[in-house]
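Positions are given from 1 along the sequence. Nothing here was measured: the structure is a model prediction, and the numbers come from that model.
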Amino acid sequence: MARKVNYEEKISVLEAKIEKKQSEIKILKAKAVELKAQKTKIDYQDLIDYMQANKLTAEEVLACIKD
C-alpha cells in the first residue's frame, strides 16, 4: 500500500525556509548598503586629503574633470 504524503506539512516547511532566506537576504542587503556608505566616506576623505595636499579647490578639481 502506498504511503500517504502530507503535502500541507511539506508546503509549510518550504514556506518557512523561504521566509528564513528572505530574512537573510534583507540582512545582507543592509550590510551591503552600510559597506557602500563606508567606502564612499573613505573615498571622499581620500579626495579631500589629495586636494589639501596639492592645494586644490573644488572648482579647480571640477574644471579638470569637466575638460
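- Between atom CG of residue L14 and atom OH of residue Y7 there is a gap of 12.5 Å, rounded to the nearest 0.5 Å.
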Could you give me the CA-CA distance, side-chain angles and deciding distance for K21 and E24, then say whether salt bridge (charged side-chain N to carboxylate O under 4.0 Å, His left out) is met?
CA-CA 5 Å; K21 295 297 180 185; E24 290 173 3; 3.7 Å; yes
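- Summarising the geometry, atom CD1 belonging to I18 is positioned 13.5 Å from atom OG belonging to S23; distances are rounded to the nearest 0.5 Å.
- The shortest non-hydrogen separation linking E60 to K55 is OE1-O, 3.8 Å.
- A donor-acceptor pair is defined here as one N or O able to donate and one able to accept, closer than 3.5 Å; such a pair exists between the side chain of T40 and the backbone of K36.
- In this structure, L47 belongs to a hydrophobic cluster whose other members, linked by side-chain heavy atoms under 4.5 Å apart, are Y50, M51, L56, V61, I65.
- A 6.0 Å sphere centred on CD of Q38 holds more than 12 heavy atoms belonging to other residues, nucleotides or ligands.
- Scored by the salt bridge (Lys or Arg N to Asp or Glu O under 4.0 Å) test, K66 finds no partners at all (sequence neighbours excluded).
- Checked against salt bridge (Lys or Arg N to Asp or Glu O under 4.0 Å), D43 has the following partners two or more places apart in sequence or in another chain: K39.
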